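Below is one structure, written out as structure tokens, with a few remarks after it.
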2 protein chains.
Amino acid sequence: MADAVIDSKSEVSDARDVTDLVLQDILAGVLLPGTWLKQIDLERRYKCTRPEVRRALDRLAQKRLVEHVPNRGYHVYEPDGRRAREVSEIRIVLETAVAEAIVEKASSAEIARLRQLAEHFDRMVLNGTTLELYEANLAFHRHLLTLGGNLELVELITEIRQRTSSAPVSQWRTRARVEQSGREHHMMVDAIAASDTDRLKVLVRQHILQR
Amino acid sequence: MADAVIDSKSEVSDARDVTDLVLQDILAGVLLPGTWLKQIDLERRYKCTRPEVRRALDRLAQKRLVEHVPNRGYHVYEPDGRRAREVSEIRIVLETAVAEAIVEKASSAEIARLRQLAEHFDRMVLNGTTLELYEANLAFHRHLLTLGGNLELVELITEIRQRTSSAPVSQWRTRARVEQSGREHHMMVDAIAASDTDRLKVLVRQHILQR
DNA sequence: GTATCCTAAATTGGCACCAATTTTGGATAC
DNA sequence: GTATCCAAAATTGGTGCCAATTTAGGATAC
């Protein structure tokens with residue numbers, strides 16, 4: 001992807017994978033749950049070819065973000081309360097489990113970096129798009145988990161995070177809630193700096209549940 | 001260089017998805033790590049079309065069981081010690097976490113069913129193929145996890161189990177080890193029947209690590 | 001006026017062909 | 001004898017076309 005960044009012509013869309021573009025539009029709430037993703041529309045919307053569209057849809061179906069109905073097409077999954085709850089449970093188990101390793105291994109330099117990312121999130125709350133906010137949040141949490149030392153876990157959580165974010169707009173709509181998220185980020189960094197594992201665990205649990 | 005072995009006899013049914021067939025051959029050790037999966041070979045081996053092969057390869061690449069090198073093709077991933085260790089860690093965290101729920105919710109009927117599956121595994125140790133043994137093991141663990149009540153977790157663990165089973169043959173080679181697995185299954189069922197959560201957790205941890 | 005059937009448009013999904021890139025084998029130069 | 005370069009073969013990956021299936025619209029019967 002590094003070489004693709006240099007090539008910033010008229011549109012970024014040619015360089016990045018179509019799958020990510022559709023994914024982001026689903027996460028951003030542009031493509032609402034239940035919407036039928038007609039291949040001809042996606043083809044035009046993302047300026048790409050038919051096979052690319054099909055591959056993207058197949059990948060999203062594998063990730064279970066869209067459902068495939070043979071000879072009918074693909075449509076965005078409806079939000080599933082049970083699934084969302086179960087994914088939250090899984091995230092709590094995994095993310096509180098790494099809390100110990102994080103407190104143990106975090107150097108002051110890495111804590112400073114984490115603080116930077118928390119501040120970047122705050123800035124995006126004030127003057128950033130929904131997508132930028134989403135990515136700032138993701139960056140913070142990815143770096144947080146990276147401190148645990150289990151890279152496979154970082155990827156896994158990043159993956160399952162996308163799994164139930166079918167209605168991020170409604171979840172992130174209220175400004176108060178987003179600002180609360182920002183404060184919690186800083187509290188987590190504080191807990192790490194203070195080597196307070198138990199507090200970090202409580203914060204992580206709350207942070208996942210409150211959304 | 002060792003190319004994909006062409007064996008036109010092993011075709012069983014057109015009904016199943018090609019992706020699963022390739023997946024099973026990788027898990028069974030028929031397609032060894034490092035093997036280049038030439039599209040023309042797969043096409044003939046599984047009696048399917050070129051697009052089907054491509055979709056299967058793309059899906060396996062998403063699951064990170066094969067690596068895609070542009071204009072070169074797809075090859076089976078080499079076993080990665082670090083990754084295997086990290087996946088084991090994740091599995092321990094997740095599977096010990098559901099231990100409580102399992103002990104709490106398991107009815108006598110479901111415990112009996114679990115016992116059946118453990119016994120089925122034992123039979124496959126004696127007179128079953130590597131694949132049948134693998135599936136009997138999977139069936140036991142899936143039912144075990146199902147008792148926890150978090151269906152999303154069942155799917156997730158099933159998924160990450162496949163993620164590092166690139167060398168199941170070497171892992172499962174010794175009969176003594178497989179028989180030990182069978183005994184551990186029964187010990188786990190015993191612990192559930194006795195409502196001994198802590199013992200179940202210890203057993204689960206050992207079971208994951210010993211492989 | 002309503003329900004049913006039938007025809008036509010639209011969409012999906014598979015198939016075959018072709019261009020682009022890489023690898024292999026051999027010939028040539030040193 | 002060894003290394004380098006070039007040409008031919010093979011493989012990947014994209015494009016366009018067409019068949020199969022579904023849906024929408026309208027005509028007909030009751």
Side-chain angles (χ1 to χ4, degrees), chain A residues 1-4 7 9 11-23 25-26 30-78, chain B residues 1-8 11 13-23 25-26 31-78:
Chain A
M1 276 298 175
D3 48 346
D7 178 35
K9 283 164 73 177
E11 288 270 2
V12 192
S13 49
D14 282 343
R16 293 193 67 173
D17 187 13
V18 192
T19 311
D20 291 334
L21 295 174
V22 182
L23 176 61
D25 278 348
I26 293 175
V30 179
L31 299 170
L32 293 170
T35 310
W36 284 96
L37 301 173
K38 286 193 287 188
Q39 297 181 5
I40 187 82
D41 287 344
L42 301 182
E43 203 173 326
R44 284 196 270 254
R45 192 180 212 292
Y46 302 106
K47 300 282 192 299
C48 60
T49 64
R50 183 61 63 97
E52 282 178 309
V53 170
R54 287 193 215 173
R55 190 169 47 204
L57 288 172
D58 186 67
R59 286 179 180 177
L60 293 172
Q62 295 295 308
K63 288 174 184 263
R64 308 213 308 217
L65 267 121
V66 304
E67 187 181 16
H68 174 54
V69 184
N71 291 320
R72 289 283 309 280
Y74 299 78
H75 65 86
V76 183
Y77 256 113
E78 303 284 345
Chain B
M1 186 177 290
D3 282 336
V5 182
I6 299 170
D7 181 10
S8 53
E11 179 59 31
S13 64
D14 286 346
R16 293 195 67 172
D17 188 13
V18 191
T19 312
D20 290 334
L21 295 175
V22 182
L23 176 62
D25 279 347
I26 293 175
L31 300 170
L32 292 170
T35 309
W36 283 95
L37 301 173
K38 288 195 285 189
Q39 296 181 6
I40 186 84
D41 285 345
L42 300 182
E43 204 173 325
R44 287 197 269 254
R45 192 185 204 290
Y46 302 107
K47 297 282 191 301
C48 60
T49 64
R50 183 61 64 95
E52 282 178 310
V53 170
R54 286 192 213 172
R55 189 170 47 198
L57 288 172
D58 185 68
R59 286 179 180 175
L60 293 172
Q62 294 296 307
K63 287 174 183 266
R64 304 206 302 201
L65 268 124
V66 304
E67 187 181 17
H68 175 54
V69 184
N71 291 320
R72 289 284 309 277
Y74 299 78
H75 65 86
V76 183
Y77 255 111
E78 303 284 345

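Keep in mind that this is a model prediction, so the values were computed, not measured. Protein chains get the first letters and strands the later ones, always in sequence-line order, with residue 1 at the start of each.
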Under the rule for side chain to side chain donor-acceptor pair (under 3.5 Å), what residues qualify as partners of B:Thr49, not counting sequence neighbours? B:Glu52

About how many Å separate [atom2] of [Y] and [atom1] of [X], when rounded to the nearest 0.5 Å?
{"X": "A:Leu31", "Y": "A:Asp25", "atom1": "CG", "atom2": "CG", "answer": "5.0 Å"}
{"X": "B:Leu42", "Y": "B:Lys47", "atom1": "CG", "atom2": "NZ", "answer": "12.5 Å"}
{"X": "A:Tyr46", "Y": "A:Asp41", "atom1": "OH", "atom2": "CG", "answer": "10.0 Å"}
{"X": "B:Tyr74", "Y": "B:Trp36", "atom1": "OH", "atom2": "CH2", "answer": "11.0 Å"}

Please tabulate, for side-chain N and O atoms in residues 59-68 of chain B, each donor-acceptor pair with protein atoms closer than 3.5 Å (sequence neighbours left out).
| residue | atom | partner | partner atom | Å |
| --- | --- | --- | --- | --- |
| B:Arg59 | NE | A:Asp58 | OD1 | 3.3 |
| B:Arg59 | NE | A:Asp58 | OD2 | 2.9 |
| B:Arg59 | NH1 | B:Asp17 | OD2 | 2.9 |
| B:Arg59 | NH2 | A:Asp58 | OD1 | 2.6 |
| B:Arg64 | NH2 | A:Glu152 | OE1 | 3.3 |
| B:Arg64 | NH2 | A:Glu152 | OE2 | 2.8 |
| B:Glu67 | OE1 | B:His75 | NE2 | 3.1 |

Respond yes when some side-chain nitrogen or oxygen of B:Thr49 is under 4.0 Å from OP1 or OP2 of C:dG14, and no when none is. no

Any side-chain N or O of B:His68 below 4.0 angstrom from OP1/OP2 of D:dG13? yes

When the distance from CG of B:Leu42 to P of D:dG13 is rounded to whole Å, what number comes out? 13 Å

Could you tell me the separation between the CG atom of B:Leu37 and the C1' atom of D:dG13, rounded to a whole number of Å? 16 Å

Can you sort out the partners of B:Arg50 under salt bridge (charged side-chain N to carboxylate O under 4.0 Å, His left out), two or more places apart, ordered by chain and number? B:Glu43

Nucleic acid contacts - residues 54-63 of chain A versus DNA chain C, non-hydrogen atoms under 4.0 Å: A:Arg54

Walking DNA chain D from its 5' end, the first of A:Pro70 and A:Glu52 to be reached, judged by nearest nucleotide, is A:Glu52

Taking only nitrogen or oxygen atoms into account, show me every contact under 3.5 Å that the protein makes with nucleotides 9-11 of chain D, one pair per line with its distance.
| residue | atom | partner | partner atom | Å |
| --- | --- | --- | --- | --- |
| D:dT11 | OP1 | B:Lys38 | NZ | 3.4 |

Using the side-chain contact (heavy atoms from CB on, under 4.5 Å) rule, pick out the option among A:Val30, A:Leu21, A:Leu37 that qualifies with A:Arg45. A:Val30

